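Remarks on the structure that follows.
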Amino acid sequence: MVGNSGSGKSWLAARLAARLGVPYIELDAVFHLPNWTELPADEFRRQVADLTATGGWVVDGNYLNGRDVVWGRADTVVWVDPPRALVTFRVVSRSLGRVLRRRELWNGNREHWRNLLSTDPAKSIIAWSWTQHQAYRDRYSATMTDPAWANLTFIRLRSASDREKLLSSVGLQPGADPKDADRNRFDDGSR
């Protein structure tokens, strides 16, 4: 599952994994260590390889490091690509909610007021989302037609109805409980 920050990819990935009865792997949770320390590139790649070594899973993240490992083992890439205005609304409201509730993201990390107000994309997820929107569109538009990834089926979701069609097309697997996604931490309005 790929897409801009605030696109709803994590929300969808968690629900899709629950419907399929497979593990949900959030790459941000692997990459961001306590105190926002970044996992070294080689260790990140090793962990991604270990996490995707099993039969089925849903991976969420745009990391280029390890993409060949994940996509080499995948059969489908879902690109969540709603309009920029919706993405911006979602990322602002989600981030504000996280700051106000002091909600932990990964490994003890939390968003901070000073970062939300920053215009530096390296510090602010809002600035990151705004500046990366077209870059992700360019990247994934090109990737969908790249012969190197001809083994993959690409699904581009541009609306809530596209998302709902995808979820309803995936049959609930034996032993899977879609309520598991509701117990997931992704109740942050990024729908």
Side-chain angles (χ1 to χ4, degrees), residues 1-19 23-40 43-44 47-48 51 57-67 70 78-137 139-140 157-160 162-164 166-167 177-191:
M1 188 84 51
V2 297
N4 197 1
S5 299
S7 65
K9 69 183 177 302
S10 298
W11 182 90
L12 180 58
R15 276 143 188 84
L16 188 58
R19 284 194 68 79
Y24 166 62
I25 302 164
E26 184 182 20
L27 295 182
D28 281 338
V30 176
F31 183 73
H32 294 290
L33 302 175
N35 299 313
W36 293 104
T37 303
E38 297 176 358
L39 190 64
E43 179 60 18
F44 177 75
Q47 286 191 30
V48 168
L51 290 167
W57 34 259
V58 176
V59 170
D60 155 25
N62 296 296
Y63 293 85
L64 292 176
N65 181 24
R67 180 175 78 173
V70 175
V78 177
W79 172 21
V80 185
D81 184 34
R84 182 183 286 205
L86 180 58
V87 169
T88 301
F89 172 78
R90 285 177 176 170
V91 79
V92 168
S93 59
R94 177 188 76 184
S95 294
L96 228 104
R98 287 175 174 172
V99 168
L100 290 171
R101 292 183 199 96
R102 299 290 302 135
R103 194 169 133 245
E104 181 180 332
L105 297 171
W106 319 279
N107 304 309
N109 297 314
R110 291 177 168 76
E111 291 189 54
H112 300 283
W113 281 110
R114 68 182 173 279
N115 292 352
L116 295 185
L117 302 173
S118 175
T119 58
D120 180 356
K123 294 180 181 176
S124 169
I125 193 66
I126 295 168
W128 174 268
S129 180
W130 182 263
T131 62
Q132 295 304 302
H133 193 78
Q134 190 59 49
Y136 284 132
R137 282 194 163 170
R139 177 192 299 174
Y140 295 122
L157 306 176
R158 296 182 187 201
S159 66
D162 289 348
R163 180 194 70 213
E164 294 308 316
L166 174 67
L167 283 173
D177 184 354
K179 294 177 192 151
D180 288 343
D182 294 331
R183 288 187 285 272
N184 195 301
R185 67 176 190 77
F186 298 104
D187 187 19
D188 60 12
S190 296
R191 297 180 180 111

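Below, each value reflects all heavy atoms present in this structure, side chains not excepted, and no hydrogens, waters or symmetry copies. Because the structure is a prediction, the values reported are computed rather than measured.
Gln134 is listed as a side-chain neighbour of Arg84, based on a closest heavy-atom distance under 4.5 Å. Side-chain contact check for Trp106 versus Val30: every heavy-atom pair is 4.5 Å or farther apart. Proximity of Arg67 to Val70: side-chain heavy atoms (C-beta onward) are nowhere separated by under 4.5 Å. Counting heavy atoms from C-beta outward, Asn62 and Gln132 have side chains that stay 4.5 Å or more apart.
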Donor-acceptor pairs under 3.5 angstrom involving side-chain atoms of residues 119-127: please list them, not counting sequence neighbours.
{"from": "Asp120", "atom 1": "OD1", "to": "Ala122", "atom 2": "N", "distance (Å)": "2.9"}
{"from": "Ser124", "atom 1": "OG", "to": "Asn115", "atom 2": "O", "distance (Å)": "3.2"}
{"from": "Ser124", "atom 1": "OG", "to": "Ile126", "atom 2": "N", "distance (Å)": "3.2"}
{"from": "Ser124", "atom 1": "OG", "to": "Ala127", "atom 2": "N", "distance (Å)": "3.1"}

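Although no hydrogens or angles enter the test, the distance criterion places no donor-acceptor pair under 3.5 Å between the side chain of Ser95 and the main chain of Val92. Between the side chain of Ser129 and the backbone N or O of Ser5 there is at least one donor-acceptor pair closer than 3.5 Å. For the pair Arg163 (side chain) and Leu157 (backbone), a donor-acceptor distance under 3.5 Å is absent. A donor-acceptor pair under 3.5 Å is formed between the side chain of Asn109 and the backbone N or O of Trp36. No donor-acceptor pair under 3.5 Å is formed between the side chain of Arg137 and the backbone N or O of His133. Here the side chain of Arg110 pairs a donor or acceptor atom with the backbone of Arg102 at under 3.5 angstrom.
Heavy-atom minimum distance, Pro83 versus Arg158: CD-O, 3.8 Å. Between Ile25 and Leu51 the shortest heavy-atom distance is CD1-O, 3.4 Å. Heavy atoms only, all atoms of each residue included: Trp79 and Gly3 are closest at CD1-CA, 4.2 Å. Nearest heavy atoms, Lys9 versus Asn4: NZ-O, 3.5 Å. The two residues Leu39 and Glu43 have their closest heavy-atom pair at CD1-CG, 3.6 Å. Of all the heavy atoms in Arg90 and Gly6, the pair that sits closest is CD-O, 3.0 Å.
To the nearest 0.5 Å, atoms CG (Leu12) and CZ (Arg15) are separated by 9.0 Å. Here CG of Leu105 is found 10.0 Å from OG of Ser10. Values are rounded to the nearest 0.5 Å. Within the model, atoms CG of Leu27 and CZ of Phe44 stand 4.5 Å from one another, a figure rounded to the nearest 0.5 Å. To the nearest 0.5 angstrom, His112 atom NE2 is 5.0 Å from Arg114 atom CZ.
Tyr136 and Asp81 share no side-chain donor-acceptor pair at under 3.5 Å.
Judged as a side-chain hydrogen bond (donor to acceptor under 3.5 Å, both in side chains), and not counting sequence neighbours, His32 has no contacts.
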*Could you walk me through whether Asp60 and Asp28 pass the side-chain contact (heavy atoms from CB on, under 4.5 Å) check?*
CA-CA 8 Å; Asp60 155 25; Asp28 281 338; over 6 Å; no
